[in-house]
Amino acid sequence: MSEKLPLVTQASDADAPSNWRVRLAMLIVFAIAVGTIWVTNSFLTDRFTQNTRNRAELRLALYSGNLQSELRRNAIVPQLLARDPALIGALNSGDFSQSTARLISFVDEIGAASLMLLDADGRTVAATERTKLGSSHRKSEFFINALRANATVFSVERQDTGAYHFTYARRLDNQGQVIGVIAVEVDLQKFERAWAGISDAVFVTDSEGTIILSTEPRWRGLTEDAALARQPADGAIERAIQATSDWTALPADAYIQGEGVMREVARIPFRGWRMTSFTTYASVRERVNAVLALEIMGFAILLALAFYLLGRKNALRMALFQRETAGLRALNLRLQREIAERERMQESLAVAEQSLAQSSKLAALGEMSAAVSHELNQPLAAMKTYLAGARLLLQRNRPDEALSSFQRIDDLIERMGAITKQLKSYARKGGDDFRPVEMGEALVSALSMMEPQLRQRQVRISPIVPDDAVRVMGDRVRIEQVIINLLRNALDATDGQSDPEIEILLAAGETATLTVRDNGPGIENLDDLFEPFFTTKQPGDGVGLGLAISSGIVSDLGGRLTARNGHDRGAVFEVQLPILSEDIEAAE
C-alpha cells in the first residue's frame with residue numbers, strides 16, 4: 001500500500017490541469033451563452049417591435065384607405081341620381097310605381113347599403129328596402145341639410161341601437177323648385193365586421209373625438225379615454241393581450257388594464273376623421289422567446305457535444321475521419337455522374353429550344369392572321385349591309401340617298417385601313433400619337449357603326465351619358481374598336497332573349513368609366529375570358545380575339561378592362577381610362 005500511494009498521487013497531479021482546463025472552457029462557454037442571449041434579447045426585441053409597429057402602420061393605412069375609398073365612391077351617387085329623368089318625372093307626376101324598382105337596379109352596381117327617394121315633405125316614396133316606404137324623414141338631419149344646401153351633403157346619425165348611419169343626400173330641383181331628396185346610405189358597418197376577425201383593436205373618431213366605428217360596439221359614442229376606462233374584463237383588448245409579468249424593456253405607447261400596447265393613429269382626409277389602432281406585444285414576446293429557446297437549446301447541445309468529444313479516443317476520431325473520407329469519395333463519384341447527365345440534358349435542351357422557337361414563330365403568325373380576320377369582319381359586314389341598301393336605293397331612283405351609303409362605305413374603308421395599320425404595329429410598345437378623345441362622341445360613332453345589326457335584332461339600347469364632356473387621352477379609332485367589340489359581345493349574348501336590352505353608362509370621376517351591361521345568360525368562365533382564342537360561340541361565329549385585343553388596347557391606353565356577372569343575370573363589362581383634366585390638357 002505504501003508503494004502505490006505515490007503512483008495515485010502522481011496520477012491525480014497529472015489529471016488536475018486537464019480538469020482545470022475543462023472547467024475553464026465550460027465557464028467561458030457559459031459566459032458566451034449569457035452574453036449572446038442578452039444581446040439577442042435586446043436586438044430582437046427592438047427589431048421585432050419595430051416590425052410589428054410597421055405592420056400595424058401598414059394595416060392602419062390600408063384600413064383608412066379602404067374607408068376613404070368607400071366614402072368617395074358613394075359621394076358621387078346622389079349627384080348622378082339627382083339628374084335621373086325617371087326619378088324627377090316620378091316626383092313631378094306623383095307616380096312612384098316604377099321608382100323603387102329603378103333604385104333597386106342601381107344599388108347592386110353602386111354597392112351602397114340602401115337608396116331612398118323622398119318627396120318635398122320628407123316622405124319616403126321609393127326605397128330599396130321596402131320596409132322604409134312611407135316613413136317620414138322630415139326631421140332627419142340628412143333631409144334638413146340637403147334642403148339647405150345646393151350640393152351633396154354628408155350626415156352622421158346615431159340610431160337607437162347605438163350604431164351610426166352614414167348618409168349622402170342631395171336635393172332634386174325642377175324649374176327652380178325643390179321637389180325631393182335622394183339619399184344614399186353608406187355601408188360602413190362592413191368594415192367593423194371585417195375588423196372583428198383581427199387581434200388589433202381599431203376605432204374611428206370624428207372631428208370632435210367621438211368614436212363612430214369600432215371593433216368594440218360598446219365604444220361607439222364615447223371618447224377614447226372614456227372608452228378605455230369603460231373596457232370590461234373580457235373585452236377586445238384583454239383578449240388580444242397575453243400578459244407577462246415583466247416586459248419593461250418595451251417602450252409602450254399606452255397602458256390598458258396594466259398591459260402595454262402600441263398605439264397608432266392615421267388621419268383620414270374626410271371631415272377631420274381619425275383612425276386609431278392598439279396592437280399587442282404578444283407576437284414580439286413569442287418570436288423573441290422562440291429565438292432565445294433555440295439559442296439555449298443550441299448552447300446545451302454544444303456543451304453536450306463538447307463533453308462527448310472530450311470522452312472520445314483518438315482511434316474513434318480516426319475511424320470517423322476515414323468514414324468521412326469514404327463518404328466524400330462516394331459523393332465525388334456521384335457528382336461526376338450528375339455532371340455528365342446534365343451535359344447530356346443541356347444538349348437535348350438546345351435541340352428543344354430550336355424546335356420551340358420555330359413553333360413560336362408559327363403560333364405568332366397564326367394569331368396575327370386570326371386577329372386581322374376578326375377585326376376586319378365587323379366593317380366588312382357593315383359594308384355588305386350598306387351596299388345592299390345602296391343597290392335598293394338606286395333601283396328606286398334615289399341616287400342622293402345612295403350616295404350617302406357610298407360615303408359610309410368609304411368611311412368604313414378608311415377605318416379598315418386604320419385597323420390594318422394598328423395590327424401591323426400590334427407587337428410594338430409605345431410610339432402612339434395620342435390625342436384628346438371625347439368618350440361620348442366615340443360612343444355615338446360606335447353605335448352608328450353597329451346600327452345595321454342593332455336594327456336587325458331590334459335590341460333596346462339604354463345609353464346614359466353625362467351632360468359634360470368626358471375626355472381621355474388616346475386613339476379614337478382604337479377606343480371605338482373596343483366599344484364595338486363590347487357591343488357586339490353584348491348583342492350576341494342577348495340572342496334568344498324575349499326582350500333583349502343593352503345598358504350603356506358613361507361616368508366621369510377619378511377615371512372615365514364606360515359600363516356595358518346586357519340581360520343575357522352571363523359568363524360561366526371569367527378566368528379565361530381575356531385569353532386569346534377563348535370563345536363560347538359556335539364554330540364559325542367567332543375566333544375568341546375580340547376581348548383579348550380590347551384588353552390589350554385598354555392596357556396600352558393606361559386603363560383596364562374588367563368583366564363580371566350581374567346580380568340577377570347578364571354580363572357587365574367595365575372600361576376604366578385615365579380622365580383628361582384641364583390641367584393635364586394644358587400641360588399637353
Side-chain angles (χ1 to χ4, degrees), residues 65 68-69 72-73 75-77 79-80 83 109 371 374-376 378-379 411-412 414-450 463-490 503-517 529-530 532 545-564 572-588:
Q68 182 182 357
S69 176
R72 288 181 176 177
R73 185 168 61 87
I76 197 174
V77 176
Q79 182 180 357
L80 297 176
R83 299 179 180 178
E109 297 181 6
H374 178 273
E375 293 304 321
L376 294 183
Q378 183 68 28
D411 295 339
L412 290 174
E414 293 182 359
R415 181 177 181 84
M416 292 171 63
I419 291 175
T420 55
K421 181 179 179 181
Q422 293 172 6
L423 293 174
K424 289 178 182 178
S425 60
Y426 183 72
R428 188 174 66 240
K429 297 292 184 182
D432 296 316
D433 186 14
F434 290 164
R435 295 183 176 86
V437 177
E438 209 285 301
M439 292 292 293
E441 296 178 356
L443 176 60
V444 172
S445 179
L447 289 173
S448 177
M449 180 75 66
M450 294 291 296
I464 301 177
V465 181
D467 297 334
D468 298 332
V470 180
R471 299 201 294 174
V472 299
M473 183 66 71
D475 186 351
R476 177 165 175 172
V477 174
R478 302 180 74 184
I479 292 176
E480 293 177 1
Q481 184 178 350
V482 172
I483 298 175
I484 289 175
N485 281 335
L486 296 181
L487 291 175
R488 186 177 182 184
N489 285 341
E503 297 180 0
I504 306 173
L505 174 62
L506 178 61
E510 294 183 355
T511 60
T513 304
L514 177 66
T515 304
V516 179
R517 181 174 186 175
L529 188 61
F530 297 103
L545 284 175
L547 291 178
I549 294 176
S550 300
S551 179
I553 292 174
V554 175
S555 178
D556 292 341
L557 297 179
R560 64 173 185 170
L561 173 60
T562 59
R564 66 179 188 276
V572 180
F573 287 86
E574 187 174 87
V575 178
Q576 294 183 349
L577 294 173
I579 197 165
L580 181 62
S581 62
E582 296 181 357
D583 297 337
I584 297 177
E585 185 177 4
E588 293 291 340

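Starting from 1, each residue takes its place in the sequence as its number.
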Worksheet item: What residues form a side-chain contact (heavy atoms from CB on, under 4.5 Å) with R83, not counting sequence neighbours?
Response: Q79
Fill in: Residues R435 and D475 bridged, charged N to O under 4.0 Å
no
Worksheet, complete the sentence: The single option from I579, I479, L580 that satisfies side chain to side chain contact (heavy atoms under 4.5 Å, CB included) with M439 is I479
Fill in: Full working for side chain to side chain contact (heavy atoms under 4.5 Å, CB included) between L514 and F573
CA-CA 8 Å; L514 177 66; F573 287 86; over 6 Å; no
Worksheet item: Do the charged groups of R476 and E438 touch, with an N to O distance under 4.0 Å?
Response: no
Worksheet item: Among N485, I483, V575, which one satisfies side chain to side chain contact (heavy atoms under 4.5 Å, CB included) with S550?
Response: N485
Worksheet entry | P466 side chain reached by V470 side chain, heavy atoms, under 4.5 Å | yes
Worksheet entry | Non-neighbouring partners of V572 that pass side-chain contact (heavy atoms from CB on, under 4.5 Å), sequence neighbours left out | T515, R517, R564
Worksheet entry | Minimum heavy-atom distance A442-V437, with the two atoms named | CB-CG1, 4.4 Å
Fill in: L80 CG to I76 CD1 distance, which is reported to the nearest 0.5 Å
5.0 Å
Worksheet entry | Contact check, side chains of P436 and M473, non-hydrogen atoms, under 4.5 Å | yes
Fill in: Contacts of type side-chain contact (heavy atoms from CB on, under 4.5 Å), residue V465, not counting sequence neighbours
L443, L506
Item to complete: List the atom of A512, the atom of V472, and the distance in Å for their closest heavy-atom pair.
Response: CB-CG1, 3.6 Å
Fill in: Residues which pass side-chain hydrogen bond (donor to acceptor under 3.5 Å, both in side chains) with T513, listed by chain and number, not counting sequence neighbours
T511
Worksheet item: Run the side chain to side chain contact (heavy atoms under 4.5 Å, CB included) check on L547 and L486 step by step: do they pass?
Response: CA-CA 8 Å; L547 291 178; L486 296 181; 4.0 Å; yes
Discussion item. For Q576, give me all partners under side-chain hydrogen bond (donor to acceptor under 3.5 Å, both in side chains), at least two apart in sequence or on another chain.
Written reply: R560, E574
Item to complete: Kindly indicate, with the supporting measurements, whether the criterion side chain to side chain contact (heavy atoms under 4.5 Å, CB included) is fulfilled by F434 and L557.
Response: CA-CA 9 Å; F434 290 164; L557 297 179; 3.5 Å; yes
Response to the item:
Taken to the nearest 0.5 Å, the spacing of E441 CD from R471 CZ works out to 9.5 Å
Worksheet, complete the sentence: side-chain contact (heavy atoms from CB on, under 4.5 Å) filter on E510, not counting sequence neighbours, yields R72
